[in-house]
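The chain is numbered in sequence order, starting from 1. For clarity, every value in this text was computed on a predicted model and none was experimentally measured. All heavy atoms count here, side chains included; hydrogens, waters and symmetry mates do not.
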Amino acid sequence: PGYHGEGFGAILLFAACRLPDSSIPRYGYVMENLLRYIVGTLERTVADRYVLVCLSGAAARGQIPSFSWMKRCYQAMDRRLRKSLQAVIIVHPTWYIKALVTLSRPFLSPTFSGKVQFAASLQELSRLVPLEPAHVPE
């Protein structure tokens with residue numbers, strides 16, 4: 001689920017194009033179990049500082065999780081994981097994602113909102129984190 005990069009304990013890639021569409025039956029149940037899986041994986045994988053890279057390119061709007069789900073993910077992590085998070089980098093953000101992040105900033109802690117960054121391309125992402133050993137979906 002991640003790899004060790006220079007200056008980072010782990011770099012975790014999260015591809016939104018692989019998420020289920022919100023129109024599937026029992027979507028809430030699926031996303032609740034995905035939340036548990038993500039938090040459990042972070043607890044087992046992350047020992048030190050880490051970066052979360054969210055690849056949003058090629059994702060349909062129905063595949064983008066809701067703000068409340070993302071907030072629950074963050075709140076479900078224990079304090080150690082929240083403190084260890086160095087950055088959340090959103091690659092290929094749509095206007096919807098940019099608007100969602102911008103409108104939600106007043107409701108987020110200044111510490112967390114300062115960790116959210118956008119990268120318009122994989123080339124721009126490669127300037128922020130090393131990508132060589134990473135498997136980035138087509």
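Scored by the side chain to side chain contact (heavy atoms under 4.5 Å, CB included) test, Arg26 finds Tyr29 as partners (sequence neighbours excluded). With sequence neighbours left out, Asp21 forms a side-chain hydrogen bond (donor to acceptor under 3.5 Å, both in side chains) with Ser23. Residues satisfying the side-chain hydrogen bond (donor to acceptor under 3.5 Å, both in side chains) test with Glu32, not counting sequence neighbours, are Arg72. Remark: Ser104 pairs with Phe67, Leu108 by the side chain to side chain contact (heavy atoms under 4.5 Å, CB included) rule, at least two apart or across chains. Applying the salt bridge (charged side-chain N to carboxylate O under 4.0 Å, His left out) criterion to Arg82, with sequence neighbours excluded, gives no partner residue.
In this structure, CD in Gln117 is found 11.5 Å from NZ in Lys115, a value given to the nearest 0.5 Å. One distance of note links OH of Tyr37 with CE of Met31; it measures 14.0 Å at 0.5 Å rounding. To the nearest 0.5 Å, atoms CZ (Arg105) and CG (Leu103) are separated by 10.5 Å.
Scanning both residues, Ala119 and Glu124, for their nearest heavy atoms gives CA-OE2, 3.6 Å. Considering all non-hydrogen atoms of both residues, Ser84 and Asp48 come closest at CB-O, 3.4 Å. Summarising the geometry of Val46 relative to Arg80, their closest heavy-atom pair is O-NH1, 3.0 Å, with the distance given to 0.1 Å.
Within the 4.5 Å cutoff, no side-chain heavy atoms of Gln63 are placed close to those of Pro20. In this structure, the side chains of Cys17 and Leu55 stay at 4.5 Å or more apart for every pair of heavy atoms. Contact of the Leu85 side chain with the Val51 side chain is not registered, since no non-hydrogen atoms from C-beta on lie closer than 4.5 Å. The closest side-chain heavy-atom distance from Leu12 to Thr41 is not below 4.5 Å.
Counting heavy atoms of neighbouring residues, nucleotides and ligands inside a 6.0 Å radius, atom CD of Gln123 does not exceed 12 of them.
Using cut-offs of 30° and 60° on the angle between ring planes, the pair Trp69 and Phe14 is parallel.
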Working for side chain to side chain contact (heavy atoms under 4.5 Å, CB included), residues Leu34 and Leu19 | CA-CA 9 Å; Leu34 180 60; Leu19 292 175; 3.4 Å; yes
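Judged by distance alone, the side chain of Gln86 and the main-chain N or O of Tyr50 form no donor-acceptor pair under 3.5 Å.
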Name each donor-acceptor pair under 3.5 Å that joins a side chain in residues 87-94 to protein atoms two or more places apart or in another chain, with its distance.
from: Thr94; atom 1: OG1; to: Tyr96; atom 2: N; distance (Å): 3.4
from: Thr94; atom 1: OG1; to: Ile97; atom 2: N; distance (Å): 3.2

